[in-house]
Structures are given as structure tokens and as C-alpha cells.
Amino acid sequence: MTIIDKTFDPAEIEARLYAHWESSGAFRPARPDAEPFTIVIPPPNVTGSLHIGHALDNTLQDVLIRYHRLKGRDALWVVGTDHAGIATQMVVERQLDERQDKRTNYTREDFVAKVWEWKRTSGGQITQQLRRLGASCDWAHERFTMDEGFSAAVTKVFVDLYNKGLIYRDKRLVNWDPKLKTAISDLEVETRELAGQFWHFRYPLADGVRLADGRDHIVVATTRPETMLADMAVAVNVADPRYASVIGKQVLLPVTGRRIPIIADDHADPELGSGAVKITPGHDFNDFEVGRRAGFAAGEMLNMFDADANVAPTADGLVPENYIGMERFAARKALVAEMDRLGLLDRVEDRVVNLPYGDRSGVVIEPWLTDQWYVDAKTLAGPAIDAVRSGATKFVPATWEKTYFNWMENIQPWCVSRQLWWGHRIPAWYGPRAWPAATKPSKNWPDWSIELPADFALVGSTIIEEPAFVATTKAEAIAAAIDYYSKLLPDYELVVFDSRSEMLEQTMSSTFDAKRQLPIWQDEDVLDTWFSSALWPFGTLGWPEHTHELARYYPTSVLVTGFDIIFFWVARMMMQGVELTGTPPFATVYCHGLVRDAKGQKMSKSKGNSVDPLGLIDKYGADALRFTLTAMESQGRDIKLDEKRVEGYRNFATKLWNAARFCQSNGIAGSTSAVPPAATQPVNRWIIGEVVQTAARLDAAMAAFRFDDYAEVAYQFVWSRFCDWYLELTKPLLAEGADAAVAAETRSVTGWALDQILVMLHPVMPFLTEELWHKLGTREHDLIVATWPVGGSVDAAATADIDWLIGLITEVRSARTEVNVPPSARLTFAAEGASDEVRDRLERHAAALARLARIAPGAAGGSGLQLVHAEATYTLPLEGIIDLAAERARLDKAAAAAEKERDMLAARLASPGFTEKAKPEAVDKARADRDARAAEAERLRAALARLG
RNA sequence: GGGCGCGUAGCUCAGCGGUAGAGCACUGCCUUCACACGGCAGGGGUCACAGGUUCAAACCCUGUCGCGCCCACCA
């Protein structure tokens, strides 16, 4: 117990207390017998730094964790960071770029080592910043999505899902990011609306065929002229009379000269454009489907781009030399120009087009035909939908359930492979394809392949697909490969390479004898970061091992996250959690909104309107920032953050600090018991009841995840009840010469109430409250690990007593101000029509009335201020001081207000339906209110009459 | 094209069936012995608009207008 400084210095307190909490193990007190309460943090990117959205997300989590810890629960907040595949690789590549160096100058192994080195020296700064916010995470068991155990879990999941048929390899169109040179998932593509053009081309009909109207060409329109180099058909609707006669005929594709069929497909809408549409199965998602229906296998579809989206030769070899290597938008211009020159550009139309952009790279995404790994999300979604539908997992606010259902019910296969180096490498190894000697492979047969003996019977004439060996370890994969190939080719010896390129390189040199050795090589791709994040709630607790932690803390209690990653992350955790553990990972998913700037704009670095939470902490203290975010978090709404609010809650912190300082200077110390002290004084009995009610409101707010209510209730209690009334009302009881027993009781009740405030406020303002906790007493333990001790009960008589007193004081103050009585003037009063109870109260609260209303009992008579309160009329003689006109106006205004209310209530009571149909309580209340207003009006009119 | 949400005091937002609330801002007064990052007292709202349900509507229903977000293959 030490003296509370005159000024409150958050910075010093925060650093000291956080270090103390962390080193003392307070973030995870041992409570083996308590009920667990678990939250897993949405793991921030290891490259990340704390932005205001993190501050909100983690403040809310910390409020929940600290609240439940105070409630005695075994609270665990699991923490860690995400390896963030693309983001992290980009950071390190950018560093290389600054030195005119690049990733491909290194081997994969060396580059990955560089990333680990970056992580060791520069990564995870956000974990320090979370500490500054006050986050009470279990740092002692911090995890990383690429740490050994977690990586093992990721690999196991991949293998298990593969073995169940829930992961498969497929050749189809993916969203290809030509800048990052990797596939990305649907979710990582954002559609932007831009002004663009719509080019109408004439495709000449082949073989002298004509349309019904005699034209010798079909007009097709496109927003992507360059893809015509890979066109494979023109589609028309079977019901379209203009084109019925040419279905099955061919057009001569301009520029490349390829002959392509005119096919019938419902995709072609007679109402749109010319009704005919060019089909480029290798470069358009719709066309891919049309192509499939038309009988093109994925392997046959023409591809005219390389990985950089520059024009590449197509398999038919028909792309003119001058286009090869041309950048895609340059190729567009060149093709339009060439079509124009050929007289085949029908017209150009301006129109708004929707373009897909990579959310990280910011470049236009290219649909591109590649082999990728897919998760069968559709199958996984079913049970994950059921988990929410059954109520096993609840979304708060519930409106997000609709969003969740809508997405899950229309979920598409999830592409999980990424062409990156940093991440969890896909545990698949491939071996060469093989074909029987009788079958000649096509000239484009791209891969390593082996000719089987002519008499090889097992495979008949079928070409064997490139086999994949999916296994948790390389040794297992090798074993599987040996097993597979030894049946086909008993004389061969297996050689393992880390990558296909390494294998091919070796093949070029003479060291590798392809005749007698069989290579297998590991898949070079890594998994989508979200694939591993999806395992976070159980992977961090030791899964797949059956650990004590997993049994005790899983499923977790609450997930707190932004609605913007419901699809990316929440849905995928639900799917993986249910599939792999049989249990949905959360009881509740709390979704908060986005933090916007004071004008409601989304914050972003590029706009320069982002608020730095660390700057706010420096300026106002972490507690003030936390309180602001908590108070502004109302369900289903984004937060417009205004620094003025932070300032306001800093003032609140100062207010509490000063209140505690005042208490200390009056000999008030922390209580030694959780139970409220015995109290005889109404004001003390009253504040005990107020604490009890406040605690109940806070519990209700927390149970309903109403963070704003929690903050609001605590704020109002501390400032408007405790400081403004209780401390003021008890000052006379503590003054020199006051009754010693009463003073002692008041000190002990005040100390108890202040303790309750510290406890109630601690989840939101941990630093300030912990500091005061120790300043006010010698404690057995820190506040952070205290247990919420609300005892006591509400005393109705004391409540009525103090409510009456507060009402009277307010009434007097108001009247005094209105008639311009100087604040310093001490007045006497005489009560008329007061009950015995009121006379008793006036006597008992004389000191408070003298201090707060500046009135004392005196003789009646003379003109003066008159006021009506609780059925009594008070006369305060003001001979010579009173402004009679002002007093008259005041009384008249008050009387008129009372009469208006009285009449309104009377009218309602007189209306036919009300007394019969309304709830009896409502009727009774209306009657009582009407009578009270009527009596008040009468007294005020009487007072007015007396004034003359 | 679907879906969701929002329009309440100058600003930011609670309230979601019984006579409009908070914080900030604003006005007046106060060097009252915790706090001017304070105290006391105030002013300020036909709850977007129009219908409907109800004894009673900011609150429920329908529509209109305005704003925002998400999803979707019109070439």
C-alpha cells in the first residue's frame, strides 16, 4: 500500500504491470478444478503490426478472458502467429529486390532458410504490441502455424483427407495471379467494376456456308479479344432461328486460321449481343464448362498464356510468331488492330466490365488451366452447416448465420495448392507415367514417362496417369512408390528428387540412367495458408495427439473475429473441426464490425487515414483505448472511431484515479472480505445495493456479448453514482467531529465498493485497476487473478431514502439556478405537507442537504423560493434577493409541465380501449402517475398563488 | 441479379410496443479542502418519408427515398 500519486501516468504503470503479470504466470493461473473458458486468438500474420482492427479484436477477447478469469473460470487464451504464406514470402522477396537480388537466385532450401531468418529477427513484432494493449494471452505456450507440431498436424490432415477422397488433384481453370505466379482461391479474388470496351468481331464461315440472312460471317462480341488465339468454338442457342442452319458447320478463326466448330449450347443467349458467343475453354470459366459439354477434355483445351500471362504458343502451333511473348494487354491492342485491318472489326462498344483482381497483388487475374489440389468443400460443408443449424455453434449477432449458410450451401471446390516456397509443402510425390509399348503417346506428352514391356497385361491399352503418393513422410511415400512400381517394373531402382526440375536437370546429365532407374519427386507446391489456419483451434491444443489440453479446452468457448473473414477462416475451421474432431470448434462465434475513421471511411494505408493504436496508447493510455473500443462495440455495426472518444475515456480513467486518491486520503483502504461490511447508514446500505445491481447488469451484458452495455453501465455507475453522489453524500460522515462508528462503517463500505469497482472495471481497464488495487491495500494476490466477489443485497428502504434525497437536492439546485441565487448563498427552508417519514429524512440528512443543496431548516414565512418534491412543498425565504418574476415564470413552467402530463395521462385513461385492453400494470401506472402529476400541479399552482 | 445492414439531438451512437437516452460538442454559473482531463444547472429531436396493424409505434408490417456492405459466369 503506497500513496497514490497526484497524476496518473499510464505509460509507467502499463510497462511495469504487464511485465509483472507475465512473469508471475498470471495469464494462466492454475485452476484445475474450475470450469474452462477458452478462446483461441485469430493468429495475426507473423509479418503483421498492430492495426486498429487488431486492437478491437483483441480488446474484446481480453475483456472476455479477464471477465471469466475474475469469475473463477480456468481461462485460457491461446496465442500464436500465422506464417502467412504469400504475405511473408512477399516481404522477404521485397528485401531481396532492394538489393537487386531475387528469390530465383537461390535454391528453395536457401530461400526458405532466409525466410526463417527473417522471422527470427524481424517477425512477430505484433506479439509485443499485443502486450502493450494488455492482452492476457498464454504466451508461455505461444504457437506458430509452421512450428513442428503444427506442421505435423497439417500434413496428417492432408493425408487423411486424401485417403478419404476429400482431397484430390484436378486439371481445371484456376484463378491465376500472373504477378505472384500462383493459383489463388475464389475468395482471394475481388471483382472491380471498370469502364471497358466490348469488341464485336466477324468470324468468317468456312466452306462457303451462309447464314439464313445471307451473311458470310458470324458476329461475336468479347471483352477479351486476345483470347481469340485460343478459341475452340462458336456457340449459338439451338432455338435461335438465325443460326439453326449453321450448327455443326465451321468458322475460320481469323489470325490463326484454325477451323473451329459452331456448336449449340444454352450458354448462348439469343437476347444478348448477336446471340453467338466465342468459346475459349482454356481462358474463361463459362467457356470451360461449355467446352466440357462440347466434349473437349481439359488436356486438349488450348492455352495461349505462360505463367506471366504473356502470349505463348498454343498446342496447335497456330499463334503467329509476332504475338509470342507479347504482354496480354499489348496483345489485346495488337489483335484489335489486326482484326480492324482485316476488315473484321464490326464495331466497338463502351461498357462497364467486371474485372477480377488479385487481392494481394492488385493485378488482373487470369483463368488458367493447371493441375492443382482441391478440397471437396461441398462434402465437408454439410456437417458444418448442421453444427450451426442445430445450435451447437451460435453466431453473435445471429444475422451472420445467414451469411454463413448462404456461402456454405453454394460452396465451390477449394483450391489449396499455391505455387510458393514458403508454407507447408504438399506431402505428395509423383512418379513417371507409363504406357504400353503398343500405344504411342501424343507429341505433346509432357512428362517423364516410361515405355512398358509389350506383353504388359495389367493396364491394357490405357495410359497410366502420373501416380501420386501421398504420405506423411518421405519414407512412406518411397515405400508406396516401390510397392507400386515394383509390380510394373521389377527391374528398376527408385531415385528420389526434391523437385521435378532437379530431376530433369539430372536427366540431362549422364549421371541419371533413365533406363534402369525410376525417379519420384515431391510436389513443389505449398498449401494455402488458410488450410493450416483452419486447424488452429485444435492444432494448438496438441491435436492429433490426445492431449490433456485438447480434452480439457476443446471445443473452445468463443471465437472473436471480424465478419470479413467468416468465409476465409471461420467456415473452414468449422468444416475441418467437425470433420477431424467430430465436434464444432466453438460454442459461440462473435463477429464484430470494421473500424472506420471518423468520417466512416474504411481505414487503409494507401488512404492515409489509418489510426495507429500504439499512438493512441502513447497519448491516452491502453486503458482509454480499450474502453473506447469496448464502449463503441455494439452488435452489427461498424465503428467510426473518433479520437475525442478516446480522450473522454482517458478523462474517465483520471476521474477514477482521483476518486481513489480521495478515498485514500480519507483513510479508506481496500476491503479484506468479499462480503460487504455490515452497514446501518442508509447511504451505505444504498451503495451496496447499487453495486449489486450494477454487477447484475454487467453480468447480463457479458452474457449477451453486449460490450457497449458493459462499458456504459460501468461508466455510469462509477461517475454518476459513486463519484457524483456516494462520495459527496458521505463526505459529512467522514468529516472531523462525525460519529466515529458511522465514519468507520462508511470507510469500510467505501473501501468495499471501490474494490468492486476495480473488479468490475478490470476487464476493460486492467492497468489502472490493478495499480489502484495494490495502492489501496496489501493484497494476497493480484487483481487479475482475483475472483469476482459480489455479495450483498438491495435494501428497498435505503434505496427509497437516498432516491428521495437525491431528488430533493436536484430540485433545490435546479430552482436556485433558475432564479439566479448565488451558489454560495445558504438558504433556510420550511417544509409544509411533509409526512413524518419525510420529516425524519430531513433531519437525518441535514448535513447532506447543507452541503449539497446549501439549505438548512428555518422558519417559514415571507416570500421566497417554493418547490414541490414528493408531496411536500418547501419554502425558502429569499426576502429581497429573489427575482419575483423569474420565480413566477419558473413555477408556472413547472406547473404547466405537470398539468400537460396529467392531462395526457387522463386522456389515455379516458379512452375506451385502454383500460380494457392494456396490461393491468400499464393501467395502474398511468393512474398513479396521473394522480401524482395532478397533486404536483396543484401544489405548484398554490405556490404561485401565494406569490401573488 | 440475389442477400444483408443502416437512416433517432450539431457529431458518434444506444433504445426496438407504454409520455425520447448517453458521450462529445454547445450555453450559463462555480478558484466548494479528489479531480478544470473537474463541479452544478441548462438548451437542443414532428426518431428519413408514406401507408397499415394496435387502446398505444422510434420500436411490428408494407411500400418509397437515401447510404453502405457481401455474394453472383451476362459473353
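Every chain is numbered from 1, with letters handed out A, B, ... down the list of sequences.
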Pick base, sugar-phosphate or nothing for [X], based on heavy-atom distances below 4.0 Å to the nucleic acid.
X	answer
A:Arg706	sugar-phosphate
A:Arg351	sugar-phosphate
A:Arg650	base
A:Ser814	sugar-phosphate
A:Arg224	nothing
A:Lys925	nothing
A:Ala221	sugar-phosphate
A:Thr654	base
A:Cys663	nothing
A:Phe198	base

Practice task
Measure the spacing between OG1 of A:Thr223 and CD of A:Gln197 and express it to the nearest 0.5 Å.
Solution key: 10.5 Å

Exercise for the section: Report yes or no: is there a donor-acceptor pair, N or O only, under 3.5 Å between the side chain of A:Glu728 and the base of B:A34? Expected result: yes

Handout entry: Distance-only donor-acceptor test (3.5 Å): side chain A:Lys402, base B:C4
Key = no

Practice task
Would you mind telling me which residue lines up with the more 5' stretch of RNA chain B, A:Met904 or A:Gly913, judged by nearest nucleotide?
Solution key: A:Met904

Problem - Given RNA chain B, 5'-ward residue of the pair A:Ser665 and A:Asp724, judged by closest heavy atom - result: A:Ser665

Problem - Expected output: side-chain A:Asp638 to main-chain A:Leu594 donor-acceptor under 3.5 Å - result: yes

Handout entry: Main-chain N/O of A:Ala701 paired with A:Asp709 side-chain donor or acceptor, under 3.5 Å
Key = no

Exercise for the section: Tell me, please, whether A:Phe722 has A:Lys655 positioned over its six-membered ring: NZ or CZ under 6.0 Å from the ring centre and within 45 degrees of its axis? Expected result: no

Problem - Cation over ring face, A:Arg650 and A:Tyr620, 6.0 Å, 45° - result: no

Atom [atom1] of [X] and atom [atom2] of [N]: how far apart are they, to the nearest Å?
X	N	atom1	atom2	value
A:Phe567	B:C70	CZ	C1'	7 Å
A:Glu916	B:U54	CD	C1'	14 Å
A:Phe627	B:C13	CZ	C1'	15 Å
A:Phe563	B:C71	CZ	C1'	13 Å
A:Asp269	B:G1	CG	P	15 Å
A:Leu656	B:C35	CG	P	15 Å
A:Glu193	B:G1	CD	P	12 Å
A:His200	B:A75	NE2	P	11 Å

Problem - All side chain to side chain contact (heavy atoms under 4.5 Å, CB included) counterparts of A:Pro367, not counting sequence neighbours - result: A:Leu173, A:Arg224, A:Phe285

Distance between [atom1] atoms of [N] and [M] (Å, rounded):
N	M	atom1	result
B:U32	B:G38	C1'	12 Å
B:C6	B:A34	P	47 Å
B:G51	B:C69	C1'	29 Å
B:C4	B:U64	P	15 Å

For a quick test of reading the model: is some side-chain N or O of [X] closer than 4.0 Å to OP1 or OP2 of [N]?
X	N	result
A:Lys731	B:U32	no
A:Arg813	B:G39	no
A:Arg637	B:G7	yes
A:Lys640	B:C13	yes
A:Ser634	B:A14	yes

Please produce a list of atom pairs where a protein N or O lies less than 3.5 Å from an N or O of nucleotides 20-31 of chain B.
from	atom 1	to	atom 2	distance (Å)
B:A22	O2'	A:Glu712	OE2	3.3

Practice task
Could you tell me whether the side chain of A:Pro225 reaches within less than 4.5 Å of the side chain of A:Phe201, counting heavy atoms only?
Solution key: yes

Exercise for the section: Side-chain contact test, heavy atoms from C-beta onward, threshold under 4.5 Å: evaluate it for A:Arg902 versus A:Glu899 and give yes or no. Expected result: yes

Exercise for the section: Dump the intermediate steps for side-chain contact (heavy atoms from CB on, under 4.5 Å) on A:Glu633 and A:Asp708, then the final yes or no. Expected result: CA-CA 5 Å; A:Glu633 173 54 24; A:Asp708 54 345; 5.7 Å; no

Fill in the blank from the handout: Exactly one candidate in A:Trp407, A:Phe395, A:Phe563 meets ring pair (Phe, Tyr, Trp, His ring centres under 6.0 Å) with A:Trp400; the answer is A:Phe563

Completion exercise
Annotated structure of RNA chain B as dot-bracket, pair cut-off 3.5 Å, Watson-Crick or G-U only, | for inter-strand, is ((((((((.[[[[.)..(..]]]].(((((.......))))).....[[[[[..)....]]]]])))))))....

Problem - Of the listed nucleotides B:G18, B:U12, B:A34, the one nearest the side chain of A:Lys919 - result: B:G18

Exercise for the section: For the side chain of A:Arg854, starting at C-beta, report the closest nucleotide among B:G39, B:U32, B:A75. Expected result: B:U32

Problem - Polar contact flag, side-chain donor to acceptor under 3.5 angstrom, A:Ser185-A:Glu188 - result: yes

Handout entry: Under 3.5 Å side-chain donor-acceptor pair for A:Tyr710 and A:Arg706
Key = no

